[in-house]
Visitor: 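Have a look at this one.
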Amino acid sequence: MKTQRTPWHTATLVVGWLVSFGALAISGMAAAANTSTADHSKFKELQKHFASGPEVTKACLTCHTEAAKQVHRTKHWTWEYLNPVTQQKVGKKTMVNNFCISAGPNLPACASCHVGYGWKDASFDFKSEVNVDCLVCHDTTGIYRKPAGLAGNPVTKRMELPPGSGKFVDPIDLTKIAQKVSKSSRDTCGVCHFYGGGGDAVKHGDLDSSMSAPDREVDVHMDATGLDFTCGTCHATSAHDVPGSRFAPTVKDEGMKRIRGKKDDSNPANCVACHGKRPHPIQQAKLNDHTSKIACETCHIPAFARGGPATKMFWDWSTAGKMNEKGKPFQKKDEDGHVIYDSKKGDFILAKNVIPEYMWFNGTVYYTLVSDKIDPTKVVQISRFEGSPTDGKSLIFPVKVFRGKQPYDAGNNTLVTPHTAGTDDAAYWNTFSWPKAIAAGMAVTGAPFSGKIGFVETEMRWPINHMVAPKENALACQQCHSDNGRLKGIQGIYMPGRDSSRYLDILGGGAAFFALLGVLGHGALRIFSKRKKGGN
Amino acid sequence: MTEKVYIFKRFERFWHWTQAATILFLLLTGFEVHGAYKLFGFGRAVDLHTIAAWTLITLWVFAVFWHFTTGEWRQYIPTLDKVGAMIKYYLTGIFTDAPHPFRATTLTKHNPLQRLAYLFLWLGITPIIWFSGWFYLFYGQWRDWGVDRFLSLEWVAFFHVLGAYMILVFVIAHTYLITAGHTPTSHLKAMITGWEDTH
């Protein structure tokens, strides 16, 4: 998404960006120099010209012999996850969403966020160690790029991208990048996780480019001039396995605070892991009473998309494919410069400072997969959160509910996986034909396609965990404890200020009213009888 | 001719007025927590309500101690003697300027209806308030105490609010009956100065 800016604004931004980027780069390097015991620029293996990504990996593996094997075991590599609770096989590889719908038939574009090189179709060798991309997570230069269309490869030779576009991209200096590798950072994680769904802030709303160097208001932990947490501070990674996932989030953390040396299987990417279950000081003990029913995030993330970029809240694919008067695809923007219509994608609604929706959630998520039948007369829940006030495992949790309308197979009543990105004849973004795009996409997925296409309303749920506000910006009591508070629709709990027994209020209020009426009447009679007597 | 009787001792008066103020404040903040109106804001109302409750508890500890060491607890021993006369007085006598059927003394400072009312307040209403309030306040400890299996906040709140309405009715009647002494101000004077005018 592009935003409209004045030239002066742009110049200020560029200068600001250069200054801050320079400062960050210097401080980053200084930090790396201070803590690391290795200066990779002195390694002979890295003092050569690298013609491709896998060549760099080969050099990395000469010392880090187990690294690729470790990466192979992770979701970052397999894009697959077997949920032990639901027994559903999920993961980016096969899942459907209501953003760009499906990665499977669009790998040359989507795999630019895969932690590997060259995954363009089913022939990809998942056992290859040299195909693991070390640089994307360990780059410190900020120049490493894996453009869409190259199946996760960086540009190593000057090339036209996309082919036939007339736009050329210069190769990046893999040697320089390799010599400067260090720990992963907010930027390296963010290069994929901030831009999920095809652009900055699009997907999550609580993860966007503002988290690269957030101020305290946006994220109290990651505050670049304060606590300065990186992603890895909470997502404490061991053997390349990054804990914390939206496929199976930890909602009610029954672990205790993490203590070194203590055996601990709890999820470190969880508030309770550091703060415990009674995190508020004794003066605010009442707040601690909330932790059995309410996730920390509910009060401490009062809104998402707070850092500047707007997040997508609604996406209607059914209106895609309109052309302008010249017969060309076009875009429409709102007054803030957000694209609200794109011929390739349809209509959007974007929003900033979004108040989450709240629901009981126990950490179990069910997905509607391509193999599942849907009921097109209802809104299809692509992801559905399980939870209830009585299961003992649920908390009230803040959620981004992403709504949309997307194509489905009206013959088989299943969701479909269109082939959208690419320059071939079937790619929707090239030739704007749903039948061709869906047929091609379903052929890749291997699911049956009847040829009948309809559009169905869908919803997805995204847990809100990031952009933790400073405590002074946490929700105030009355934002929930009132008739029209944020938790208005939450059932199964008694909330003072929101709930009361109507009969008791009628009875009690009535009793008080009649008592008042009684004493006033009695008093009036006394005054009246006294006057009468006085008059006599 | 006006006679003066010393009825209420210094601690008793202090206790009464502090308690009166605290109870009114508890009603004010409590009904805000209940959602009846907005005054302090929910969170502040909860805090103030809690502080006021602890204040009242402290006061009560002293008051109970005082009542037992001084023997003043006997003032609440119920009696049905003259209850009928009191009711009759409030229903008719008070309008015709009939003499008040009860004469307060240092040894029996409450009329029989008062005795019954206060006894009901101490043994009927306040236990409801204190028990429900205690569990309301320590909601976070229910699991540790093992009471979470049979207590629900909904019912605890129900009884607390029920108690509050009963106290509200009591306060209304009590405030009015201040004026129903031998003279309209004799009770009030007694509770301020300790001395009640009788005639």
Side-chain angles (χ1 to χ4, degrees), chain A residues 277-278 280 283-293 389-390 392 474-485 492-501 503-530 532-534, chain B residues 27 30-38 40-47 49-51 90-98 136-143 148 151-180 184:
Chain A
K277 278 180 241 171
R278 297 188 70 78
H280 305 96
Q283 304 91 310
Q284 297 174 314
K286 203 71 216 160
L287 295 178
N288 288 329
D289 293 349
H290 290 70
T291 58
S292 61
K293 303 276 183 196
T390 52
L475 288 192
C477 310
Q478 57 265 33
Q479 282 174 283
C480 296
H481 289 277
S482 61
D483 291 340
N484 272 313
I493 43 161
Y494 182 86
M495 278 176 59
R498 183 193 73 165
D499 303 321
S500 61
S501 163
Y503 298 111
L504 176 61
D505 286 340
I506 291 169
L507 191 77
F513 175 75
F514 283 112
L516 198 62
L517 210 63
V519 300
L520 289 176
H522 196 268
L525 272 178
R526 276 168 67 197
I527 293 166
F528 180 72
S529 60
K530 204 166 190 175
K532 209 167 139 193
K533 213 173 290 165
Chain B
L27 283 169
F31 277 105
E32 177 167 13
V33 172
H34 186 58
Y37 43 80
K38 285 189 175 62
F40 297 103
F42 182 89
R44 187 104 187 96
V46 170
D47 289 345
H49 193 76
T50 308
I51 293 167
Y90 286 145
L91 286 179
T92 57
I94 197 165
F95 303 119
T96 55
D97 230 358
Y136 213 145
L137 185 62
F138 289 105
Y139 171 75
Q141 270 68 41
W142 289 12
R143 220 171 131 178
D148 59 322
L151 271 189
S152 81
L153 190 60
E154 186 169 2
W155 280 104
V156 167
F158 178 89
F159 281 107
H160 202 60
V161 175
L162 176 71
Y165 277 121
M166 290 165 93
I167 287 186
L168 181 62
V169 170
F170 176 86
V171 165
I172 291 168
H174 182 80
T175 309
Y176 173 68
L177 289 172
I178 290 173
T179 65

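Just so you know, these numbers use all the heavy atoms, side chains as well, and skip hydrogens, waters and symmetry mates.
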Visitor: Could you tell me the separation between the CG atom of A:N288 and the CD atom of B:Q141, rounded to the nearest 0.5 Å?
Guide: 9.0 Å

Visitor: Supply the atom-to-atom distance A:L507 CG to B:L162 CG, rounded to the nearest 0.5 angstrom.
Guide: 8.0 Å

Visitor: So which atom in A:Q478 and which in B:G43 form the shortest heavy-atom distance, rounded to 0.1 Å?
Guide: OE1-N, 3.9 Å

Visitor: What part of A:S292 gets closer than 4.5 Å to chain B, counting heavy atoms only: side chain, backbone, both or neither?
Guide: side chain

Visitor: Kindly write out the residues that satisfy side-chain contact (heavy atoms from CB on, under 4.5 Å) with B:S152, not counting sequence neighbours, or none if the list is empty.
Guide: B:E154, B:W155

Visitor: Where the side chain of A:K286 meets the backbone of B:L137, is there a donor-acceptor pair that is under 3.5 Å apart?
Guide: yes

Visitor: Go through the structure and list residues passing ring pair (Phe, Tyr, Trp, His ring centres under 6.0 Å) with A:Y494, not counting sequence neighbours.
Guide: none

Visitor: Roughly how far apart are A:M495 CE and B:F42 CZ, rounded to 0.5 Å?
Guide: 7.5 Å

Visitor: Please state whether the side chain, the backbone, both or neither of B:T179 comes within less than 4.5 Å of a heavy atom of chain A.
Guide: both

Visitor: Does any heavy atom of chain A fall under 4.5 Å from the side chain of B:F170, the backbone, both, or neither of them?
Guide: neither

Visitor: If you take the centroid of each ring, where Trp contributes its six-membered ring, are B:F95 and A:H522 closer together than 6.0 Å?
Guide: yes

Visitor: Could you please spell out the steps behind the side chain to side chain contact (heavy atoms under 4.5 Å, CB included) verdict for A:V519 and B:T175?
Guide: CA-CA 9 Å; A:V519 300; B:T175 309; over 6 Å; no

Visitor: Go through the atoms of A:R498 and report whether side chain, backbone, both or neither lie under 4.5 Å from a heavy atom of chain B.
Guide: neither

Visitor: Non-hydrogen atoms of chain B under 4.5 Å away: do they reach the side chain of A:A476, the backbone, both or neither?
Guide: neither

Visitor: About how many Å separate CG of B:D47 and CD of A:Q284, when rounded to the nearest 0.5 Å?
Guide: 8.5 Å

Visitor: Heavy-atom distance under 4.5 Å to chain A: side chain of B:L168, backbone, both or neither?
Guide: side chain

Visitor: Which bit of B:A164 comes within less than 4.5 Å of chain A, counting heavy atoms only: side chain, backbone, both or neither?
Guide: neither

Visitor: Can you tell me how far apart CD1 (B:I172) and CZ (A:F513) are? Round to the nearest 0.5 Å.
Guide: 10.5 Å

Visitor: Hey, does B:Y165 have a side-chain heavy atom less than 4.5 Å from the side chain of A:L504?
Guide: yes

Visitor: Pick out which of B:V33, B:V46, B:V161 makes a side-chain contact (heavy atoms from CB on, under 4.5 Å) with A:P496.
Guide: B:V33

